[in-house]
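One structure is given here, and the rest of the page talks about it.
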Number of protein chains: 2
Amino acid sequence: MWGVPRVSEDHLTARREQILAAARACFLRKGLHTTSMQDLIKEAGLSVGAVYRYFKSKDEIIAAIAEGVVGGISAQIDEVASRRLPLFESMALLLEVIDQQTGPDGALPIALQVWAEATIDPAIGAIVHERYTGLRARLRVLVEHAAEAGELPAGADLDEVTSAVYSMLPGYGLQRLLIGNPSREGYLRGMQALYNRPA
Amino acid sequence: MWGVPRVSEDHLTARREQILAAARACFLRKGLHTTSMQDLIKEAGLSVGAVYRYFKSKDEIIAAIAEGVVGGISAQIDEVASRRLPLFESMALLLEVIDQQTGPDGALPIALQVWAEATIDPAIGAIVHERYTGLRARLRVLVEHAAEAGELPAGADLDEVTSAVYSMLPGYGLQRLLIGNPSREGYLRGMQALYNRPA
DNA sequence: CCTCCTAAAACGAATGCTCGTTCTTTTATG
DNA sequence: CATAAAAGAACGAGCATTCGTTTTAGGAGG
């Protein structure tokens with residue numbers, strides 16, 4: 001009687017993901033604002049109307065991309081933290097994560113676009129603030145483990161140490177992305193030299 | 001006799017700078033691609049034709065902005081390096097430089113836009129690559145001084161150490177820009193804790 | 001198992017606007 | 001007064017989005 005023609009929910013979320021995947025591909029290639037809706041729609045292989053059924057504006061698509069951009073990294077940080085390795089070895093693994101996110105299939109090139117947008121559009125700014133604060137919290141666990149293992153000076157403020165560790169990840173990633181240098185191994189050795197300075 | 005109507009050269013470069021200043025203001029407020037030529041022209045208080053006399057396209061204006069974005073920081077790094085302070089004190093001064101560049105009058109918010117563009121547009125990519133490689137070279141001087149003063153382990157590769165130091169600057173700046181935390185003092189203490197780890 | 005029916009889902013032509021740029025005209029200068 | 005500099009109207013292209021139409025999925029009735 002009610003006439004229920006709805007397609008499966010899996011289908012709906014798959015379509016949504018199809019659109020977001022197309023968006024990521026386009027944004028990677030052309031940037032957030034030089035990508036037109038028509039580019040994105042063509043990349044997705046859908047029609048105008050189909051895309052506008054799932055997202056009511058281009059801004060909403062950009063916001064969805066911004067929401068998802070730290071997903072993969074979060075999980076990987078948790079995984080590294082759960083291994084409770086010495087701080088330095090954890091850092092080595094984290095750099096490996098960043099390295100992998102720096103390539104064309106990684107999230108970093110798109111994250112860079114999102115960061116730029118965050119300074120312009122308060123809605124994106126709020127998303128970025130929330131997500132990267134969350135990422136920081138996950139990294140803090142790793143620093144806590146280091147403190148428990150006696151790897152840090154007594155009484156060190158763990159938030160402050162977390163900030164210092166945190167900054168190395170985008171710092172390294174940006175350097176790779178924009179300049180190419182240094183190799184992960186070289187960077188690690190550089191850090192090591194800095195950390196293990198002569199008395 | 002020759003029919004020379006040309007205005008003074010100072011006037012020409014002043015007009016050019018006037019346009020670039022307007023561009024920086026607009027880009028800071030709206031981003032590279034959401035800023036229209038008309039926005040920029042209105043901000044400069046000039047006419048369409050006047051702007052197109054000095055720059056033959058919007059891309060050329062963006063390129064000029066990209067060229068200039070490290071100027072202020074370069075000079076400040078040189079200044080810090082020339083003082084030959086202990087590495088850690090130099091770092092503290094560099095963070096101060098970054099802090100100042102992070103505000104709305106600083107270059108960092110626009111630099112972020114430029115970095116994002118660099119991954120999309122090869123022309124901007126080349127400019128960024130060149131300029132930030134140059135910046136790195138200036139920072140290397142500071143690391144060389146640290147090595148001469150015996151602050152680094154013997155045989156440490158100075159390029160590698162430079163990379164590690166370099167990464168902290170955008171790492172700290174980004175964290176300030178996107179998350180707000182940490183304060184410079186807190187960040188410094190965090191670094192210090194990392195540096196002075198128990199054996 | 002097939003057919004019909006309904007509403008969701010997909011479509012794509014059309015719309016109104018704004019964009020970057022060009023070009024002709026006007027103004028200012030040495 | 002000759003010419004560079006500045007002006008601004010005009011233009012076609014391409015933009016994000018709307019909306020009336022067509023297609024399709026899937027439950028109900030036989």
Side-chain angles (χ1 to χ4, degrees), chain A residues 1-23 25-27 29-66 113 117 120-121 123-124, chain B residues 1-23 25-27 29-66 113 117 120-121 123-124:
Chain A
M1 184 166 192
W2 258 70
V4 185
R6 202 173 284 126
V7 99
S8 85
E9 192 157 322
D10 280 359
H11 177 83
L12 293 175
T13 63
R15 268 278 196 272
R16 214 186 124 93
E17 187 46 47
Q18 175 184 358
I19 293 167
L20 290 177
C26 288
F27 291 164
R29 201 185 315 123
K30 301 189 66 184
L32 261 37
H33 295 291
T34 350
T35 294
S36 71
M37 276 301 198
Q38 329 241 359
D39 289 339
L40 190 159
I41 285 158
K42 203 170 122 192
E43 176 84 24
L46 292 173
S47 68
V48 180
V51 169
Y52 273 90
R53 176 158 309 281
Y54 291 89
F55 297 93
K56 72 174 201 280
S57 70
K58 187 181 178 182
D59 281 348
E60 202 171 291
I61 294 179
I62 293 178
I65 294 292
Q113 307 276 340
E117 189 66 8
I120 299 306
D121 178 345
I124 304 296
Chain B
M1 188 170 197
W2 257 69
V4 186
R6 202 173 284 127
V7 97
S8 84
E9 190 156 324
D10 280 357
H11 177 81
L12 293 177
T13 63
R15 268 279 197 270
R16 214 185 124 94
E17 187 45 48
Q18 174 184 0
I19 293 167
L20 290 177
C26 288
F27 291 164
R29 201 185 315 125
K30 303 189 62 183
L32 262 35
H33 295 292
T34 343
T35 293
S36 71
M37 276 303 216
Q38 329 238 359
D39 289 338
L40 190 160
I41 285 158
K42 203 170 121 191
E43 175 85 24
L46 292 173
S47 68
V48 181
V51 169
Y52 272 89
R53 177 158 307 283
Y54 291 88
F55 297 93
K56 70 174 202 280
S57 70
K58 187 181 179 182
D59 281 348
E60 202 171 290
I61 294 179
I62 293 177
I65 294 292
Q113 308 276 340
E117 188 66 9
I120 300 304
D121 177 347
I124 305 296

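Convention: sequence-line order gives letters A, B, ...; per-chain numbering from 1.
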Original post:
Rounded to whole angstrom units, what separation is found between the OH atom of A/Y52 and the C1' atom of C/dA13?
Top reply: 15 Å

Original post:
A/S36 side chain: which of D/dT17, C/dC11, D/dC15 is closest?
Top reply: D/dC15

Subject >> Separation of D/dA6 C1' from B/F55 CZ (nearest whole Å) >> reply: 16 Å

Original post:
Can you tell which of C/dT21, D/dA6, C/dA10 lies closest to the side chain of A/R15?
Top reply: C/dA10

Original post:
Counting just side-chain N and O atoms, does B/H11 come under 4.0 Å of either OP1 or OP2 of D/dA6?
Top reply: yes

Original post:
What does A/L12 touch in the nucleic acid at a heavy-atom separation under 4.0 angstrom: a base, only the sugar-phosphate, or nothing?
Top reply: sugar-phosphate

Original post:
Which nucleotide, D/dA6, C/dT21, D/dT18, lies nearest any side-chain atom of B/A50?
Top reply: D/dA6

Original post:
B/K42 NZ to C/dC19 P: how many Å, rounded?
Top reply: 11 Å

Original post:
Between B/A64 and B/L20, which heavy-atom pair has the shortest distance, and what is it?
Top reply: CB-CD2, 3.8 Å

**OP:** Answer yes or no: is there a side-chain heavy-atom contact under 4.5 Å between B/V51 and B/I61?
**Re:** yes

**OP:** Please report, rounded to the nearest Å, how far the C1' atom of C/dA10 is from the CZ atom of A/R16.
**Re:** 18 Å

Original post:
B/R53 versus B/R15: any side-chain heavy-atom pair under 4.5 Å?
Top reply: no

Original post:
How many angstroms lie between CG in B/L40 and CZ in B/F27, if you round to the nearest 0.5 Å?
Top reply: 5.5 Å

Subject >> Toward the 5' end of DNA chain D, by each residue's nearest nucleotide, A/T34 or A/R53 >> reply: A/T34

Original post:
Is any side-chain nitrogen or oxygen of B/Y54 closer than 4.0 Å to OP1 or OP2 of D/dA5?
Top reply: no

Subject >> Distance, rounded to the nearest Å, where A/E60 contributes CD and D/dA16 contributes C1' >> reply: 14 Å

Original post:
In whole angstroms, how far is the P atom of D/dC15 from the CG atom of A/D59?
Top reply: 16 Å

Subject >> Nucleotide D/dG26, atom P - distance to CG of A/D10 in whole Å >> reply: 12 Å

Subject >> Spacing between A/I41 atom CD1 and D/dT17 atom P, to the nearest angstrom >> reply: 10 Å

Original post:
Nearest of C/dT22, D/dT17, C/dA10 to any side-chain atom of A/K58?
Top reply: D/dT17

Subject >> Residue A/S47, side-chain heavy atoms: nucleotide from C/dT22, C/dA10, D/dA7 that is nearest >> reply: C/dA10

Original post:
Okay, side chain of A/T35, backbone of A/L32: is any donor-acceptor separation there less than 3.5 Å?
Top reply: no

